[in-house]
2 protein chains.
Amino acid sequence: MIDADDADAIDAWRAQQYPRPALTVDLVVFTVLDADLKVLLIRRGEAPFRHAWALPGGFVRVGDGLADEGEDLDAAAQRELVEETGLPHGAVYLEQLYTFGRAGRDPRGRVVTVAYYALVRPDLAPLVTAGTDAEHAEWCSVAHVDRAALAFDHADILALAVDRIRGKLDYAPIAFDLVPATFSVSELRAVHEAIKGEADDPSNFRRRFRRMVEDGLIEQAPGKRITGRRPAAVYRFVRR
Amino acid sequence: MIDADDADAIDAWRAQQYPRPALTVDLVVFTVLDADLKVLLIRRGEAPFRHAWALPGGFVRVGDGLADEGEDLDAAAQRELVEETGLPHGAVYLEQLYTFGRAGRDPRGRVVTVAYYALVRPDLAPLVTAGTDAEHAEWCSVAHVDRAALAFDHADILALAVDRIRGKLDYAPIAFDLVPATFSVSELRAVHEAIKGEADDPSNFRRRFRRMVEDGLIEQAPGKRITGRRPAAVYRFVRR
DNA sequence: CCAAAAGTGTTAACAGTACACCCATGG
DNA sequence: CCATGGGTGTACTGTTAACACTTTTGG
């Protein structure tokens, strides 16, 4: 694909050396605990914004730009996720959200960040805060976070991520990444309510749920959920 | 906001100098001509991919990272749009699409690109190809583009942009950025059909159109559209 | 008069909302 | 037996898809 003509042009281009921004990925990691939407926040240990809450994230490994081309953006996000949460590789849904590059968003200089959001099943969430030291990372209620106190423009990133999952909830099966492998009808409803922030008629939700069963999106799983009240049937999401 | 502690940390950080990627913006510029969705393509004059078709785009001006912080990503996209199309500043709808940063996507080295899509009203579209030399920029039918022949990963970017506007068409008023300031019912319908790629029942479309009028989203404009057949009423979009 | 597009109306199917009600269980 | 959440049913309403139909124009 690269001929001699190309090679010359590439050399000329390399010599030019435009100024380049630093490139990071930031992660908005969600889970649902106690029927409440939570986001994972890190308390910063270094300046700037020392001791402030921030989203987890870090620099993209770019390599030397010659033999070593570095890692893909998705890989960088996945790597940061594993580093910051200790969760196994495929256990989490991860999707690019938006890229924030406002001049002045980082006092250290020009830093462009590619934001991702992640969805962690609640049965894995406790492993996160146990794995990292408890002072460092914490699941914070999205509704109660003091957004003005977040580092950098992370309040904007969080707000956009919340908007995104609210919107996607209606047409994409993202709720299944926020419940355990098997779940009852009301557990899935609790996730919808936590994301939307408002109550959902149990009967009507059940109808939509049944339609998903009929469509083969969900299937019943053996066993019952024992809750101290009447036991509920449990289901599982059918991946395709 | 920046104290002495910060300043030290910032100096230390600057000294580190992680390798950085080059950062570009690429534009997927759409219009609708002859009831067909078109995208603006540029014939490349330099290697790599010399003589191949590519999306318009260019480097983000980053500044020196000290006194000069450079331009915002949106501003860079807007600037490239003006440079490549010659259209006035506010005449075009512009929105960030996705960021592509696969290692190896550019043979010159590690180049991360923030892709934007733009919607150009058809009455302005001819100015674009007239302004730039005709060999250089061209409106190409999205349905007939030889995607395998596009430079870099621009086929992926184009595909994602088409998906995006198809999806947004159902819940966002983007079609109004692809018709002249005043338009008839069937002109707006033609835009929907061009984006969706399938016919739309004229009667049912008219019902949805009427609802938008009732909701105050659209209002009737004086005059009629003379077409050689029965004249049609014209409307305008009410910006809020 | 005819072709073609503008514009009106009707119907059946379907999905969402609100609400009433029965069932099973642990305390 | 009773409070609580699991689970069923129903009447009403609004939206959509499909299609038949009338009206107005230029040629």
Side-chain angles (χ1 to χ4, degrees), chain A residues 32 34-36 122 166-173 175 179-180 182-236, chain B residues 32 34-36 166-167 169-173 175 179-180 182-236:
Chain A
V32 173
D34 307 321
D36 187 40
R166 284 214 177 119
K168 273 201 104 158
L169 190 61
D170 293 327
Y171 66 90
V179 287
T182 68
F183 50 88
S184 68
V185 177
S186 56
E187 283 167 358
L188 192 69
R189 178 164 55 86
V191 168
H192 272 78
E193 292 180 334
I195 293 177
K196 290 286 189 180
E198 57 191 17
D200 203 336
D201 185 292
S203 168
N204 295 332
F205 185 85
R206 182 174 294 275
R207 185 206 324 287
R208 281 188 287 159
F209 193 100
R210 188 169 52 222
R211 214 186 330 268
M212 288 190 277
V213 174
E214 287 161 3
D215 293 348
L217 207 73
I218 298 173
E219 65 184 14
Q220 192 162 2
K224 295 265 179 185
R225 182 73 80 237
I226 309 298
T227 60
R229 292 291 164 213
R230 175 176 175 179
V234 292
Y235 300 82
R236 73 167 72 90
Chain B
V32 173
D34 307 322
D36 187 41
R166 283 211 178 123
L169 190 61
D170 293 327
Y171 65 91
V179 286
T182 67
F183 50 90
S184 69
V185 177
S186 56
E187 282 167 358
L188 192 67
R189 178 164 55 86
V191 168
H192 273 78
E193 291 179 335
I195 293 177
K196 291 285 191 181
E198 58 192 14
D200 201 336
D201 185 290
S203 170
N204 295 332
F205 185 84
R206 182 175 294 276
R207 183 203 328 287
R208 283 188 286 161
F209 193 100
R210 186 168 52 222
R211 205 181 341 264
M212 289 191 275
V213 174
E214 287 161 3
D215 294 348
L217 207 73
I218 298 172
E219 64 183 12
Q220 193 163 2
K224 293 267 181 186
R225 181 72 79 239
I226 309 298
T227 61
R229 293 288 165 219
R230 173 177 176 179
V234 293
Y235 299 81
R236 73 168 70 90

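A note on names: the letters A, B, ... follow the listed sequences, proteins ahead of strands, and every chain is numbered from 1.
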For nucleotides 25-27 of chain C, which of its nitrogen or oxygen atoms have a protein nitrogen or oxygen under 3.5 Å away, and what is each distance?
unit_1: C:dG26; atom_1: O4'; unit_2: A:Gly228; atom_2: O; d: 3.0

Taking atom [atom2] of [N] as reference, at what distance in whole Å does atom [atom1] of [X] sit?
{"X": "A:Arg210", "N": "D:dT8", "atom1": "CZ", "atom2": "P", "result": "7 Å"}
{"X": "B:Phe209", "N": "D:dT15", "atom1": "CZ", "atom2": "P", "result": "18 Å"}
{"X": "B:Glu187", "N": "C:dA5", "atom1": "CD", "atom2": "P", "result": "13 Å"}
{"X": "B:Leu188", "N": "C:dA6", "atom1": "CG", "atom2": "C1'", "result": "15 Å"}
{"X": "B:Phe183", "N": "C:dA6", "atom1": "CZ", "atom2": "P", "result": "14 Å"}
{"X": "A:Arg189", "N": "D:dT4", "atom1": "CZ", "atom2": "C1'", "result": "13 Å"}
{"X": "A:Phe205", "N": "D:dG5", "atom1": "CZ", "atom2": "P", "result": "17 Å"}

With B for base contact, S for sugar-phosphate-only contact and - for none (protein heavy atoms under 4.0 Å), nucleotides 15-21 of chain C reads SSBBB--
query: Taking the six-membered ring for Trp, are A:Tyr235 and A:Phe209 parallel (under 30°), tilted (30 to 60°) or perpendicular (over 60°)?
result: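 Because their plane-to-plane angle is over 60°, the rings of A:Tyr235 and A:Phe209 count as perpendicular.
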Side-chain N or O of B:Ser186 closer than 4.0 Å to phosphate OP1/OP2 of C:dA6: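 True: B:Ser186 side-chain N/O within range (under 4.0 Å) of C:dA6 OP1/OP2.
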Is any side-chain heavy atom of [X] less than 4.5 Å from a side-chain heavy atom of [Y]?
{"X": "A:Pro222", "Y": "A:Arg236", "value": "yes"}
{"X": "B:Val234", "Y": "B:Glu187", "value": "no"}
{"X": "A:His192", "Y": "A:Val32", "value": "no"}
{"X": "A:Gln220", "Y": "A:Val213", "value": "no"}

What verdict does the side chain to side chain contact (heavy atoms under 4.5 Å, CB included) test give for B:Arg225 and B:Val185, after you've listed the backbone C-alpha separation in whole Å, the side-chain angles of each residue and the deciding distance to 0.1 Å? CA-CA 10 Å; B:Arg225 181 72 79 239; B:Val185 177; over 6 Å; no
* Looking only at heavy atoms, what is the nearest atom pair of A:Pro180 and A:Pro122, with distance? ->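 Minimum heavy-atom contact is CD-CG, 3.9 Å.
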- Message: Determine whether B:Arg189 and B:Asn204 satisfy the following criterion, side chain to side chain contact (heavy atoms under 4.5 Å, CB included), listing intermediate values before the conclusion.
- Response: CA-CA 10 Å; B:Arg189 178 164 55 86; B:Asn204 295 332; over 6 Å; no
message: Less than 4.0 angstrom from a charged side-chain N to a carboxylate O is my criterion; do B:Arg208 and B:Asp201 meet it?
response: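 B:Asp201 and B:Arg208: not salt-bridged.
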